[in-house]
Amino acid sequence: MVDLEVKIGGLTLKNPVMTASGTFGYGTEYADFIDLARLGGIIVKGTTLHHREGNPYPRMAETPSGMLNAVGLQNKGVDYFIEHIYPEIKSLNTNVLVNVSGSCIEDYVTTAEKINALEKVPAIELNISCPNVKQGGMAFGTSAKGAAEVVAAVRKAYHKTLIVKLSPNVTDIAEIAKAVEAEGADSVSLINTLLGMAINAEKRRPVLSTVTGGLSGACVKPIALRMVWQVSRAVKIPVVGLGGIMNATDAIEFMLAGATAVQIGTANFIDPAVTVKVVEGIEEYLQRHGMTDVNQLIGALEI
Amino acid sequence: MKKILDTTIVAVEWLNTKNVLLTLTASQQMPDMLPGQFVEVRVDNEPDVFLRRPISIHFFDPQKNLLYLMVQVVGKGTKRMAALKVGDVLNLILPLGNTFSVPENPQRLLLVGGGVGVAPLLYLGAELKKKGHVVTFLLGARTAADLLRMEAFLAYGEVYVTTEDASMGEKGFVTQHSLLQQQNFDFIYTCGPTPMMQAVARYAKEKGIPCEASLENTMACGLGACLCCVTDTQHGHKCVCSDGPVFNINELKW
């Protein structure tokens, strides 16, 4: 038997495989396909203080080995989440994490405070990297100063495990990671989507209603892997790696690059059962390599 | 319950130059499916076809465990599907989405389809007839050659046709057919190009006839998780994949 348990701050995951926010709904959408209890954690849809309708259709464009989305944080607001969704998912036998987003620091803080009161949510993922909203989101995540300000404010109000989701749309992601570590973040997750664009040449029109959107899927993996490697060498807090993970081998590569845990996102759209296959694949890899503990993989890249 | 299922192609029939009818079976019994529901087809063997393709259920025969999909070749994903051969394996997620409303007492029901949008109306017509309703199909196409599987529809009700070039039935669009002036219907179902469905919806509203439309938006997950396929409704953005694809026209902002 191999030990798959990992720790992110005060949070214990039964295995390093979580689902990426915005790709897995609230978990229940996938309950027909997998036993959700087999996951290390579920990170639910981005939640804001107030209800958001998101951007107009079309919000999605398929691109080579990936896709662009411009959903724009559509959600019914944190109060709706607490009243209607939390009761449905709090008894799931896995860690339920909430991805928190906002358009100003006060909104982030108020939302985080409300989530802090939920007994069965052991951690939040602070989204300072959404490329699809005009205000807030990525605006905070693209400067070390902006990132530090929002993390410092939320840290005062939120007392459980605080993971900060970083944007890849920056020159030096390690600098941002160090800034949020200095303000008390327990972990960083990366990468959020890369700002991209698709054009319909025949119509001479952008494919997305918002012109630009966030790129995800297999095509972003080399960039994500490089950034996880850079960040994990720059900070002491655990790194959660995501970006184009399609199978167990991809997940293992992220852990070798320095990730303590991983998130599966876009791959869920192609195979709704992929997450459990990744858990099984990691276990099989460890056995095949004579390893007994998944923590042996973290940063084990030989250069 | 939704399933991820490997199916095997047992027949490939080209209906015309751009539409193909696939018949699929599986080694295990396929789950129950309702008219209006769809499947997500895995076709991601090449980089430029990354996501599954949503295809509506054309017909389902649970006794023979056969599923029929009507596929119009519009892009790389559907081209791949159309190239499948008997014996090929196709991975599906099914069944997805909601279904059409079925009136309780026997009624006169009109099913209006255009182009490949006729696909879900066959299974709907069959189920409605089984429940004792009088089913009438009104099918539109550009030309007689574009009209898909008319003989199959005839098994479940009368079929009226419009073509834009008058090569079959009445000339013009479905909403111009004389049938609509001659007969009264209690409920209308429609699927096809958006302008056609909007015209049908206008007719239904004018006549005060309840009407449901089946929408087709580009999708990623098909499960209501990614929120990519939304349509604007009186109650905000709703997912075509999980809140639809069937919507009452009064809910849509048409």
Side-chain angles (χ1 to χ4, degrees), chain A residues 19-34 42 44-46 51-76 132 207-209 213-219 244 246 265-274 277, chain B residues 1-6 31-32 39-54 74-78 80 91-97 194 215-244 252-253:
Chain A
T19 61
S21 177
T23 66
F24 209 68
Y26 295 96
T28 48
E29 292 87 341
Y30 288 81
D32 279 357
F33 309 110
I34 56 166
I42 294 171
V44 304
K45 176 71 192 156
H51 171 102
R52 286 182 58 95
E53 271 301 308
N55 293 319
Y57 180 85
R59 296 172 165 188
M60 192 277 288
E62 187 180 46
T63 57
S65 299
M67 60 178 273
L68 291 161
N69 90 80
V71 171
L73 295 174
Q74 179 180 326
N75 79 104
K76 291 188 170 163
N132 291 323
V207 178
L208 299 174
S209 68
L215 183 66
S216 65
C219 60
M246 304 301 289
T266 307
N268 290 302
F269 303 157
I270 294 148
D271 181 1
V274 67
K277 291 177 189 169
Chain B
M1 184 163 168
K2 302 180 192 94
K3 275 190 173 176
I4 308 169
L5 195 64
D6 275 336
D32 281 340
V39 303
E40 277 265 58
V41 182
R42 188 163 181 169
V43 277
D44 61 319
N45 295 326
E46 285 169 23
D48 49 1
V49 183
F50 185 66
L51 298 167
R52 286 177 183 260
R53 296 294 188 266
V74 287
K76 288 168 183 160
T78 47
R80 181 85 50 75
N91 184 267
L92 308 179
I93 306 174
L94 78 175
L96 302 172
T194 302
L215 306 192
E216 180 190 49
N217 276 2
T218 49
M219 293 177 187
C221 70
L223 306 171
C226 71
L227 312 184
C228 287
C229 66
V230 293
T231 191
D232 206 9
T233 74
Q234 304 296 347
H235 306 100
H237 281 140
K238 287 199 167 186
C239 284
V240 169
C241 71
S242 55
D243 298 314
L252 300 169
K253 288 188 171 174

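Because the structure is a prediction, the values reported are computed rather than measured. Below, each value reflects all heavy atoms present in this structure, side chains not excepted, and no hydrogens, waters or symmetry copies. Lettering follows sequence order; numbering is per chain, from 1.
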List the steps and the verdict of side-chain contact (heavy atoms from CB on, under 4.5 Å) for B:C228 and A:M67. CA-CA 11 Å; B:C228 287; A:M67 60 178 273; 4.1 Å; yes
Tell me, out of B:I93, B:L51, B:D48, who's got the most heavy-atom pairs with chain A below 4.5 Å. B:L51
Can you confirm whether B:F50 sits close enough to A:I270 that some side-chain heavy atom of one is under 4.5 Å from a side-chain heavy atom of the other? yes
In short, A:R59 meets B:L227 closest at the heavy-atom pair NH1-O, 2.7 Å
Measure distances from B:N91 to the heavy atoms of chain A and classify the residue's part below 4.5 Å as side chain, backbone, both or neither. neither
Is it the side chain or the backbone of A:A70 that comes within 4.5 Å of chain B heavy atoms, both, or neither? neither
Which atoms of A:T266 approach chain B - backbone, side chain, both or neither, heavy atom under 4.5 Å: side chain
Hey, does A:P272 have a side-chain heavy atom less than 4.5 Å from the side chain of B:I4? yes
When the 4.5 angstrom heavy-atom criterion is applied to A:F24 and chain B, the contacting part is backbone
Region of A:Y26 that comes under 4.5 Å of a non-hydrogen atom in chain B: neither
Quick one, B:K2 and A:F33 - any side-chain contact, counting heavy atoms below 4.5 Å? yes
Taking atom OH of A:Y57 and atom OG1 of B:T231, what is their separation to the nearest 0.5 Å? 8.5 Å
Identify the heavy atoms of A:D271 and B:R52 that sit nearest to each other, and give their distance. CA-NH2, 4.5 Å
Are B:K76 and A:E62 side-chain neighbours, meaning at least one heavy-atom pair lies under 4.5 Å? no
Of all the heavy-atom pairs spanning A:Y30 and B:A225, show the shortest one and how long it is. CE1-CB, 3.7 Å
Do you know which of A:G66, A:G265, A:G25, A:P56 has the most heavy-atom pairs under 4.5 Å to chain B? A:G66
Closest-packed option against chain B by number of heavy-atom pairs under 4.5 Å, given A:T63, A:V71, A:T23: A:V71
Taking all non-hydrogen atoms of both residues into account, name the closest pair between A:E29 and B:G224 and its distance. OE2-O, 3.9 Å
A:N268 portion near chain B, given a 4.5 angstrom heavy-atom threshold: neither
Considering all heavy atoms of both residues, which atom of B:M219 and which atom of A:M60 are nearest to each other, and what is their separation? O-CE, 3.1 Å
